[in-house]
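In what follows, a structure is listed as structure tokens, so that the remarks can point back to it.
Numbers for residues simply follow the sequence, beginning at 1. Remember, it's 1-based here, ligands and their atoms both numbered in the order they're listed.
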Amino acid sequence: MPSFNRQSRLWPLVAVVMTVVAICLLIALIAVSARKPGTPVRTCGKRGGVSIEDVEPAQPGPFHDLTTRELESLRSFLESDPDINATKLRNDRPLGSNALVQSYVSVIDLYVPPKAAVLAHLEQDQKQPPREALVVLFRGDKSPAVVEERVCGPLPGVVSCRMLKSSKRRNPVEFSIRPFNMLEFGALIEFLLRGAVEEKLGFLLRYSFGISYANCEENPCLDFFTSPVSTSLLGNIGQRRLWVWAHYPVEYYLLHPVDFAVLAVMDDADPTTYRVDKVWYAGRLYSSMDELAAGFNTSSIPKTKRKMPERGADVFSSLHPRGQEFLSQPQRPPRLVEPDGKRYSLSHRQVSYLGWQFNLRMSSLSGPQLFDVRFRGDRIAYEISLQEIVVTYSAHNPMHQVTDVADSAGYLGMMARSLVAGADCPESSTFISNTVAGQLVKGPVRFPNAWCLFEHNSGLPLRRHMGYRFVHGSFYGGMMDSHLTLRTILVVGNYDYMIDFSFHQNGLMDVRVSSTGFLMVSPYSVEDSPYGYRVQEHILGNLHHHLFHFKVDMDVGGTTNNRYSTLDIHKDKTLLTTDPSVTYYQTKVKQSLKSKERDALYKYNFEKPVYHIVHNENNKTRFGEIRGYRLQLGGMSKQLLQENKNNERTMSWSRHQLVVTKHKEDERTSSSPYAMFDSENPVVDFSTFSDDNDKIVDEDLVFWLAMGLHHIPRSEDLPLTATTGTRLSFSLTPFNFFPECPSMTSSDATRLDLLNSDKPSEGVRIRRYYGQEEETCALPTSTYEKQVKENPDAALESSKFLGLL
Ligand SMILES: *[C@@H]1O[C@H](CO)[C@@H](O)[C@H](O)[C@H]1NC(C)=O
Ligand SMILES: *[C@@H]1O[C@H](CO)[C@@H](O)[C@H](O)[C@H]1NC(C)=O
Ligand SMILES: *[C@@H]1O[C@H](CO)[C@@H](O)[C@H](O)[C@H]1NC(C)=O
Ligand SMILES: [Cu+2]
């Protein structure tokens with residue numbers, strides 16, 4: 001290439017660079033001279049006078065979680081009452097497995113007072129109903145052993161613990177279908193794995209997998225995971241069986257199953273009676289450990305031989321970053337800033353935000369719950385709560401085949417902890433604690449980061465329009481969708497379920513669930529291949545179905561006098577208005593009022609589009625139209641299991657995407673912590689809620705929503721399933737409730753007009769109703785690192801984890 005040519009290309013470039021440098025210098029000069037030397041830069045977010053407090057009140061309201069003081073006095077009562085005689089626990093000494101044959105407290109939760117009494121208190125200034133606790137007691141001391149559910153109160157000075165009575169669930173409950181607990185797992189390790197299994201099959205495990213259940217103190221030793229065998233498969237509610245499968249102790253162990261499992265028999269409360277029924281090894285089932293050992297010794301059976309994977313940062317299942325990063329130098333990702341401080345407040349678990357108000361609480365049994373959700377003074381919903389999380393797996397191998405987990409057996413609310421600022425939630429979040437009690441800890445345990453609350457914009461406009469006009473000139477009006485989100489993440493074994501409640505300025509609120517975490521996989525085999533794909537050398541990701549159930553007790557317009565209608569969109573065969581000789585097809589809307597519970601069992605039908613509306617007959621719009629809220633279902637999923645067979649019986653709520661019932665105190669929850677095992681005779685059978693076929697016109701209505709997704713694992717689910725693509729949601733949307741979009745009152749808006757509509761060239765007026773940004777503010781520094789330094793348990797809570805479930 002001739003040299004003059006190159007020069008002629010270089011010169012313009014040099015000129016551009018010089019100009020840019022000069023402009024930059026000029027800007028810097030202006031910036032320096034504008035700010036007086038020595039003026040400190042204000043930290044962003046320090047302005048604003050709202051109050052954020054997360055302390056326990058002396059007089060907790062009707063929805064407030066149990067306080068430390070209440071939990072402590074309740075514990076003393078349970079330990080001293082002769083009828084209950086709960087085992088005295090000490091924080092410094094773990095309970096031995098013989099605790100299973102004593103009386104002990106499995107979990108304690110607030111027993112929310114009856115709705116009528118709460119409403120009388122909130123609306124008619126009546127006295128607050130007494131606060132009570134629900135206590136789940138494992139009565140290993142009784143013969144036969146049972147689980148008792150008791151309601152204890154009034155708090156804090158408990159005087160009695162009555163047995164919970166409900167026409168829709170039995171109490172006491174069979175001991176065999178009790179939720180999981182750590183004592184049982186401890187006993188499994190001690191008596192079965194390190195005991196009988198190691199004794200009879202330790203040599204086989206070491207030959208096949210390189211390690212076994214021996215000398216776990218010094219050497220790497222096999223890990224284990226359990227799959228419940230529900231009672232419908234056993235035909236006997238009194239039996240308790242778990243498949244206990246072996247895994248390599250590598251981050252993360254569930255991605256390293258080996259082809260070995262034992263079926264543990266745990267019918268009796270006394271762990272010394274635990275025994276092994278069947279054994280699975282190298283793709284075959286054996287009726288006893290002796291049968292397997294004999295076959296192995298005579299080499300008359302297939303054997304398997306593997307080495308333990310390397311335990312390091314490079315293993316495919318670890319969460320250490322790896323591979324080529326795209327930035328040549330790391331740069332910090334975008335962050336959220338609240339330039340003028342927080343626009344929401346929190347006081348005693350009550351949140352207020354731009355017209356919204358709600359109370360939050362964490363049920364130890366079933367997870368997050370909101371109460372008395374209001375927008376601009378009107379109650380929309382009395383309760384919005386998670387009821388159950390289910391995952392049903394499919395497989396050839398016997399462990400995974402029967403794994404249908406109903407996660408409330410893990411006490412969902414206890415799994416809400418350790419949210420990380422700058423990873424799980426924006427750094428600007430308010431973290432909210434959760435205090436729990438039960439199981440193996442004496443004193444109440446406080447998890448500081450169980451929830452996070454933050455205002456953010458999704459980077460999307462809530463509404464906007466650029467109006468092109470021929471005559472009067474164009475204009476623009478719009479605003480970002482800044483909204484408040486309350487988040488919690490429940491870690492149930494391998495999976496992490498993120499649950500978000502979001503409150504938008506147009507009166508819409510939505511509830512989102514996303515799944516992340518590790519897959520539960522099978523050792524790879526040809527027989528398992530109809531159920532998923534081989535995603536790594538030794539594993540296959542099994543097809544499974546995630547299901548979530550929510551209760552939404554709607555009180556639209558602040559009353560308990562509601563109706564449920566669908567607005568059905570029909571095909572309309574009509575005549576062309578301008579030419580009645582022409583047949584014309586379009587669509588029309590027809591309101592269909594549902595009068596009885598059995599008319600309100602909704603199954604999604606692609607052929608019949610509908611809106612679900614809850615409305616109030618005595619409170620229509622000024623034009624006489626229905627006025628209410630719409631329930632938008634954004635996460636429906638078809639449950640394909642056979643109705644009333646196997647484990648499906650305990651998740652009958654998953655048959656319908658929406659069910660509407662009349663509110664009843666006896667129908668508080670659609671599932672129970674026994675659902676993991678109780679399919680032979682479900683303790684709570686949701687399908688019976690509609691059996692009495694109550695009238696649902698002008699009644700207090702409860703909407704039950706099921707969501708889900710089928711998950712066919714793929715290699716990109718390694719090492720973790722991502723939340724993108726797993727989001728499910730439902731929304732409560734005002735429908736004719738307000739005369740116009742409520743966000744019109746928001747000062748978040750921006751408007752553009754021409755200064756002179758006849759002469760666009762004269763310029764544009766930009767109005768930002770929140771005011772112009774003038775000053776610079778500094779990015780607030782993260783307080784998370786400091787919090788963790790002061791209290792390591794705020795982050796990983798490892799010491800507490802051992803004490804709880
Ligand atoms: C209470 O429990 C303890 C320990 O399990 C037991 O020794 C004692 O006999 C029980 N007392 C009553 C009254 O049942
Ligand atoms: C099988 O062989 C192992 C080790 O050689 C031995 O300990 C065990 O007792 C044998 N078991 C049976 C059932 O033959
Ligand atoms: C109608 O609803 C509004 C709130 O949306 C409430 O203020 C008013 O009292 C209601 N009227 C009747 C007749 O219930
Ligand atoms: Cu999944």
- Any N or O of Asp378 closer than 3.5 Å to N or O of ligand 3: yes

- atom 13 (C) of ligand 3: nearest protein contact (heavy atom, Å): Asn618 O, 3.8 Å

- Message: Among all the protein's non-hydrogen atoms, which is closest to atom 7 (O) of ligand 2, and how far away is it?
- Response: Phe203 CD2, 4.5 Å

- Task: Tell me yes or no: between the side chains of Asp290 and Ser288, is some donor less than 3.5 Å from an acceptor?
- Result: no

- Item | Heavy atom of protein inside 4.0 Å of atom 2 (O) of ligand 2, strictly below | yes

- Please write down residue, atom name and distance for the protein heavy atom closest to atom 12 (C) of ligand 1. Asn85 ND2, 3.2 Å

- Taking non-hydrogen atoms only, is Arg627 closer than 4.0 angstrom to ligand 3 via side chain, backbone, both or neither? side chain

- Message: Is the ring pair Phe375/Trp356 parallel, tilted or perpendicular, if the boundaries are 30 and 60 degrees?
- Response: tilted

- Message: Check this for me: does any side-chain nitrogen of one of Lys115 and Asp555 sit under 4.0 Å from a carboxylate oxygen of the other?
- Response: yes

- Query: Tell me: protein heavy atom nearest atom 5 (O) of ligand 1, and distance?
  - Reply: Gln102 CG, 3.7 Å

- Query: How long is the span from the CG atom in Leu593 to the CZ atom in Arg563, to the nearest 0.5 Å?
  - Reply: 5.5 Å

- In terms of residue, atom name and distance, what is the protein heavy atom nearest to atom 6 (C) of ligand 3? Asn619 ND2, 4.0 Å

- Any protein heavy atom nearer than 4.0 Å to atom 9 (O) of ligand 2: no

- Message: Would the distance check show the side chain of Tyr248 and the main-chain N or O of Phe209 forming a donor-acceptor pair, the cut-off being under 3.5 Å?
- Response: yes

- Phe503 ring center near Tyr344 ring center (under 6.0 Å): no

- Are any of the side-chain nitrogens in Glu217 or Arg194 under 4.0 Å away from the carboxylate oxygens of its partner? yes

- Message: Using a 3.5 Å cut-off on N or O atoms only, is Asn297 in polar contact with ligand 2?
- Response: yes

